[in-house]
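Because only heavy atoms are used, hydrogens play no part in the values below, and waters and symmetry mates are left out as well, while side chains stay in. Quick caveat, the model's predicted, so the values are computed rather than measured. Heads up: numbering here begins at 1 and tracks the sequence.
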Amino acid sequence: MKTPFYLLLLKTHNAQRMRIRPHMEGLGLSPGQPKILSFLRMHPGCMQRELAEGCDIEPATVSRLLENMERAGLITRQPSPDSKRAVCVSITEKGIAAQQAMATGWRKVEREALAGFTPEEKEQFTQYLCRMYGNLTGKDIE
């Protein structure tokens with residue numbers, strides 16, 4: 001019997017997560033934190049709600065993650081000058097170092113995952129993933 005497509009996606013996602021998890025844990029990061037650090041590198045000083053939307057994480061989950069990240073010295077949070085209720089999130093030097101180390105781990109896992117793919121296949125695969133994301137969320141991916 002041929003493995004259904006949804007199961008192929010789930011199994012591939014799980015395999016990727018299991019390969020990157022030891023690197024993440026070695027840096028003292030928990031699930032969700034590397035994605036937030038990467039987003040903050042691309043969008044410095046963003047609002048907490050933008051962070052939740054950009055990372056596809058529920059606002060309550062982002063709030064909990066940010067509490068732990070602030071305690072660990074990875075980010076800082078400050079009230080927005082435009083709104084008393086909004087919070088502006090910034091990455092610290094320690095957070096930048098952790099994000100850079102994670103990027104090294106991601107590139108290694110990516111090389112392993114795409115071994116044997118031609119450059120054209122990699123580009124096409126990237127386009128397919130972006131289109132799938134758009135189909136499922138109604139949003140373009142950066």
K.L.:
Ignoring hydrogens, what is the shortest heavy-atom contact between I20 and V109? Give both atom names and the distance.
P.N.:
CD1-CG2, 3.9 Å

K.L.:
Does a salt bridge link K108 with E112, judged by any charged N lying under 4.0 Å from a carboxylate O?
P.N.:
yes

K.L.:
Checking the side chain of T92 only, and the main-chain atoms of G73 only, is there a donor and an acceptor separated by less than 3.5 Å?
P.N.:
yes

K.L.:
Can R77 and Q48 be said to form a side-chain contact (heavy atoms from CB on, under 4.5 Å), step by step?
P.N.:
CA-CA 9 Å; R77 293 187 288 180; Q48 190 167 323; 3.9 Å; yes

K.L.:
Can you tell if the side chain of L29 reaches within under 4.5 Å of the side chain of L37, non-hydrogen atoms only?
P.N.:
yes

K.L.:
Let's go through C46 and L40 carefully: what are the C-alpha distance in whole Å and the side-chain angles of both, what is the deciding distance for side-chain contact (heavy atoms from CB on, under 4.5 Å) to 0.1 Å, and is it a yes or a no?
P.N.:
CA-CA 7 Å; C46 71; L40 288 172; 3.7 Å; yes

K.L.:
Which heavy atom in D140 sits nearest to a heavy atom in Y133, and how many Å separate them?
P.N.:
O-CE2, 4.2 Å

K.L.:
Do Q100 and R41 have side-chain heavy atoms sitting under 4.5 Å apart?
P.N.:
yes

K.L.:
Any non-hydrogen side-chain atom of P31 less than 4.5 Å from a side-chain atom of L65?
P.N.:
no

K.L.:
Is there a donor-acceptor pair under 3.5 Å between the side chain of S63 and the backbone N or O of P59?
P.N.:
no

K.L.:
Looking only at heavy atoms, which two atoms of G54 and F39 are closest? And how far apart?
P.N.:
CA-CE1, 3.5 Å

K.L.:
Applying the 4.5 Å side-chain criterion to the ILVMFWY set and letting contacts propagate, would I57 and M47 be lumped into a single cluster?
P.N.:
no

K.L.:
Would you confirm whether K35, through its side chain, and D56, through its main-chain N or O, come within 3.5 Å as a donor-acceptor pair?
P.N.:
no

K.L.:
When you look at CZ of R21, are more than 12 heavy atoms from neighbouring residues, nucleotides or ligands closer to it than 6.0 Å?
P.N.:
yes

K.L.:
For side-chain contact (heavy atoms from CB on, under 4.5 Å), just list the numbers for F125 and E121, CA-CA rounded to whole Å, side-chain angles, deciding distance to a tenth of an Å, and then say yes or no.
P.N.:
CA-CA 6 Å; F125 188 51; E121 289 171 327; 6.0 Å; no

K.L.:
Could you give the distance from CG (L66) to CD1 (I75), rounded to the nearest 0.5 Å?
P.N.:
4.5 Å

K.L.:
Below 4.5 Å, heavy atoms only, C-beta onward: do L9 and M132 meet side chain to side chain?
P.N.:
yes

K.L.:
Minimum heavy-atom separation for G45 to S90, with atom names?
P.N.:
CA-OG, 3.7 Å

K.L.:
So which atom in E53 and which in K139 form the shortest heavy-atom distance, rounded to 0.1 Å?
P.N.:
O-NZ, 3.4 Å

K.L.:
Are more than 12 heavy atoms from other residues, nucleotides or ligands located less than 6.0 Å from atom CD of Q78?
P.N.:
no

K.L.:
Measuring from R64:CZ to N68:CG, what's the distance to the nearest 0.5 Å?
P.N.:
9.5 Å

K.L.:
How long is the straight-line distance from CD of E110 back to NZ of K122, given to the nearest 0.5 Å?
P.N.:
7.5 Å

K.L.:
Just how far is it from atom CG of L114 to atom OG1 of T126, taken to the nearest 0.5 Å?
P.N.:
7.5 Å

K.L.:
Looking at CD1 of I141 and CZ of R131, how far apart are the two atoms once the value is rounded to the nearest 0.5 Å?
P.N.:
14.0 Å

K.L.:
Can you tell if the side chain of Q16 reaches within under 4.5 Å of the side chain of W106, non-hydrogen atoms only?
P.N.:
yes

K.L.:
To the nearest 0.5 Å, what is the distance between CG (L129) and CD (Q127)?
P.N.:
10.5 Å

K.L.:
What is the minimum heavy-atom distance between H23 and A101, and which atoms define it?
P.N.:
NE2-O, 2.7 Å

